[in-house]
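Computed from a predicted structure; not experimentally measured. Scope of the values below: all heavy atoms of this structure, side chains included, with no hydrogens, waters or symmetry mates.
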Amino acid sequence: MAKVALELPSPPKSKFTVLEGNGKVSLIDTNGHSQEQLPNVTYSVVHTTPGRVRFRLPRLRCDADYTKRLEVLLTADALVKNVRVKPAAMSVAVTYKSDKVSDAKMRSHLHDLIQAASEVVVLKNSTSSETEKEPSWPGLQLSAVATTLAVLGGPLGLSIPPLIVVLPIAIATLPVVQRAWEGIRVERKLNIDFLDFMAIAITTFQGQFLTPSLMLGLIEVGENIRDRTARSSAQQTLDLLSSLGQFVWVERNGDKQQIPIQDVQRGDTVIVYPGEQVPVDGSILRGKALLDEQKLTGESMPVLKKKGQPVFASTLVREGRIYIVAEWIGNDTRAGQSIKLMQEAPVHDTRMENYATKFAQKAVVPTLLLGGAVFAATRNPSRAASVLTLDFATGIRVSVPTTVLAALTYAARRGILIRSGRALEQLAEVDTIVFDKTGTLTKGEVDVVSVESLNPATSRLRVLELAAAAEQRLTHPVAEAIVRYAEAEQVEILPRSKWDYQLGLGVQAQIDGETVYVGSDRFLRTSGIDTEALNGHQKSPNSAIYVASNGQLQGIIKYSDLLRPESREVITALSTVEGVEIHMLTGDNKRTATAVAAELGILPTHTHAEAFPEQKATVVRQLHEQGKTVAFVGDGINDSPALAYADVSVSFANSSEIARETADLVLMQNDLHGLLEAIAIARQAKQLIRQNTGLVAVPNLAAMVIAVFFGLNPLAATVVNNGSTVVAGVNGLRPILKSRQHKALLSAR
């Protein structure tokens, strides 16, 4: 066993030893120094669950060497399974072996490592590769070797010593023995692995080497597939601070200075410039700005905010500059509370294969008793081994994960990322879907709806031409929408000479020799424009902009956050064809929400307006408590709590990073049609699993009856058992096979 010494250079000297073994490393204090002698590193525990803890270490932000040392120590520790270090967020998440150590002891152990990394020098073993990985168990290779030797020494009649065949069988059986022992020791019950071990042992002692070799091969296939499709128990989340800028401007004692975001204190005056995200919750001391709050509140239109009004972290300053007094910082902000709600959501770790595996588990003891009864009645170990061989475990453990993997693979090829078998299971059961409005059912950006002329002497295209010329190169979303619309209409963007933009009101510009005004009706009135032409005209103050030139009102441009082209079709299909109950959540006002819901055919009772993140999570929880299986579709920070509390969470590839990390299902094509297809794939997988359970159970039950009453050779029992497994496995691969056939047909065309 190799040893690597870790030594603190500063007195008093404290030595640590790393013992390498089985690809892992453990840290030991070799001379009994107490942790008080180590340099004090400030940290706090942000979040804990059994087997996982997340720390906030401010030192990570400014000390790259400490960060590297800590990561090496944590990765090297024998009790640690996984480490995620985010220096920008000052975050360290550690997943550890909770079955090996208590949570309290592990936190104490991690405290020692955090302190030790302060000055510890890590000396790597020169003989080891930095990229060396823990070797995987060669179970498939061993079973293949054993099967080859068994065939050569059996049907082919070659002279092969039995010991040479038994050796790879025995080694390949070790993981089965380990799992069987853990079932007895930890779960206090006989599991499927114990049944497999008994059948392997009996047939091996009888010299029927082909039977255990084939069994081991199929067991390894099932375990490998199941490992690939298993859901991780550790919920991965995005720290709020990592989504904001690393540094912020503050005004202290009359001086402006740039400081790390974690150094901002309550009461500080924070300065936010155009294009920057607000880093704190607070009130505006001076200045005004156009704030995009869509990711936090779901409101699609930017909001003009002035002195005395509140602003919130994670919102974006599109235009203007504001000075904010910091009232809430970090995870105490409204956005931070959204993250906290998400982290506190329950983690569902059931998988689609669980019900089938439990079914097989229940058959373990009856199968053992039946095998024992057959042996007691016949004194024939071969007949007893045949009964033990004809279990449902192997077939189900192979066919069900194969079906899940095939469904996940097929979905991925269709641009649908389903993260786990659990998500597939829940998606097949979904009976209620809750949609966020902005950016999910709508495009999430402003589009021009219509351009109207209010002056008989001015054409509609002239109104658009003047507006686009005045609005060019402005960053306001309405200005950008008008320019896009003008380009789509192939309207020439005229040059703009002298211009003056007034935040929250509009723009005055010299265009083609005319003085043009584009903005709100209030802006036109304060500029001396006669707006009597608007009397009796249907006005939409929140969705219209007006155009005037040379003192006369010329026209009106209406805009809106338009629905996605597929939204209406998808909602109709979900409610009528799939029989799913549809709800809509939005931070918009009730009037806007009701209008959108009516257009989509969503019932008023299922429409929830002015919903903040905690209210969205509450709606999802209430539906879940009513016994419904709920899917939530959203794309912003404000949706993350609801995404976390839903049975199945759905987001888009272009969503906020936290929404993508929280979601169980990501639509890579940014198209809601993918949700319909995902539900169809999940329901087909559920149907295939039921078929496969029957394909495994029926032949094995029939063969077991024969084995009990008439006798059956263990090899024949293995053929029935393995044959049904292969048939069920191939049946489970139908989604992938269908995908390949479809591609072949397209290629032929």
Side-chain angles (χ1 to χ4, degrees), residues 143 147 150 154-155 169 173 176 180 183 189-219 221-222 353-403 687-732:
S143 61
T147 302
I169 292 176
T173 309
V176 180
K189 66 181 181 182
L190 301 177
N191 58 18
I192 295 171
D193 294 289
F194 182 82
L195 201 63
D196 289 338
F197 170 66
M198 292 294 294
I200 291 168
I202 292 173
T203 52
T204 301
F205 285 135
Q206 288 187 305
Q208 300 174 6
F209 301 135
L210 186 58
T211 299
S213 300
L214 291 173
M215 282 186 67
L216 285 166
L218 288 168
I219 289 170
V221 168
E353 55 264 37
N354 276 1
Y355 93 91
T357 303
K358 288 177 182 177
F359 172 73
Q361 288 277 20
K362 291 177 182 178
V364 171
V365 174
T367 303
L368 279 171
L369 294 175
L370 186 59
V374 168
F375 179 74
T378 64
R379 297 296 175 182
N380 187 337
S382 293
R383 291 183 65 172
S386 297
V387 173
L388 296 179
T389 302
L390 290 165
D391 66 279
F392 311 119
T394 305
I396 289 174
R397 289 200 305 174
V398 171
S399 65
V400 175
T402 300
T403 305
Q687 183 182 9
L688 286 175
I689 284 174
R690 288 176 175 170
Q691 289 178 5
N692 289 343
T693 303
L695 288 172
V696 171
V698 172
N700 279 276
L701 278 173
M704 187 171 288
V705 172
I706 296 172
V708 171
F709 293 103
F710 306 103
L712 188 68
N713 185 282
L715 185 58
T718 300
V719 170
V720 171
N721 185 268
N722 293 350
S724 63
T725 298
V726 170
V727 171
V730 172
N731 186 54

Item checked: Smallest separation among heavy atoms of T204 and I200, with atom names -> OG1-O, 2.6 Å
From [atom1] ([X]) to [atom2] ([Y]), nearest 0.5 Å:
| X | Y | atom1 | atom2 | answer |
| --- | --- | --- | --- | --- |
| I169 | L210 | CD1 | CG | 9.0 Å |
| N731 | N692 | CG | CG | 4.5 Å |
| L695 | I689 | CG | CD1 | 12.5 Å |
| F197 | L216 | CZ | CG | 11.0 Å |

For [X], what residues pass the side chain to side chain contact (heavy atoms under 4.5 Å, CB included) criterion, not counting sequence neighbours?
| X | answer |
| --- | --- |
| L370 | V387, M704, V708 |
| F375 | R379, P381, A384 |
| V720 | L390, P699, A703 |
| L369 | V365 |

Next item on the list: Report the residues that fulfil side chain to side chain donor-acceptor pair (under 3.5 Å) with S213, sequence neighbours left out, ordered by chain and then residue number.
Entry: none
Item checked: Qualifying residues under side chain to side chain donor-acceptor pair (under 3.5 Å), relative to Q687, sequence neighbours excluded -> none
